[in-house]
Amino acid sequence: MLIMRTRRLDRAKFVDGKPVEGTWRAHQVPLDGVRTNPEHLHQLEEWMRSYKIEELFDEKGKFRAELADIAPKAASAWV
């Protein structure tokens with residue numbers, strides 16, 4: 001079974017006072033000023049942190065063994 005879920009720009013429902021979620025802006029790059037706009041940078045950081053990457057990788061950046069153990073293995077015919 002393959003379960004997929006999408007990740008949206010959950011944290012920034014509004015950017016520069018304009019709605020993002022549920023509008024055409026959600027399909028664009030709503031935070032295009034991260035290099036020059038501190039608020040955009042903060043919103044991007046919050047969005048990235050929402051992925052909880054620390055739960056997937058250890059402190060050295062390696063994929064956690066307990067997760068790798070439960071991942072599907074390649075069929076021996078293809079190895």
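Side-chain atoms are counted along with the backbone in the values below, which use heavy atoms only and exclude waters and symmetry mates.
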(request) Say whether, by atom type as modelled, one donor and one acceptor occur between the side chain of Arg35 and the main chain of Leu41 under 3.5 angstrom. (result) no
(message) Could you check whether any side-chain N or O of Glu54 sits under 3.5 Å from a backbone N or O of Glu59, counting only pairs where one atom can act as donor and the other as acceptor?
(response) no
(message) Once side chain to side chain contact (heavy atoms under 4.5 Å, CB included) is applied, do any residues pair with Ile53, and if so which ones, sequence neighbours excluded?
(response) Leu56, Phe57
(request) Applying salt bridge (Lys or Arg N to Asp or Glu O under 4.0 Å), name anything that partners Glu39, two or more places apart in sequence or on another chain. (result) none
(message) I'd like to check the side chain to side chain donor-acceptor pair (under 3.5 Å) partners of Asp16; sequence neighbours left out, ordered by chain and number.
(response) His40
Name each donor-acceptor pair under 3.5 Å that joins a side chain in residues 65-75 to protein atoms two or more places apart or in another chain, with its distance.
residue	atom	partner	partner atom	Å
Lys73	NZ	Ala68	O	3.1
Lys73	NZ	Asp69	O	3.1
Lys73	NZ	Ala71	O	3.1

(request) Calculate, to the nearest 0.5 Å, the distance between atoms CH2 and CG belonging to Trp47 and Leu31 respectively. (result) 7.5 Å
(message) Is there a path of hydrophobic side-chain contacts, each under 4.5 Å between heavy atoms, that joins Met48 and Val20?
(response) yes
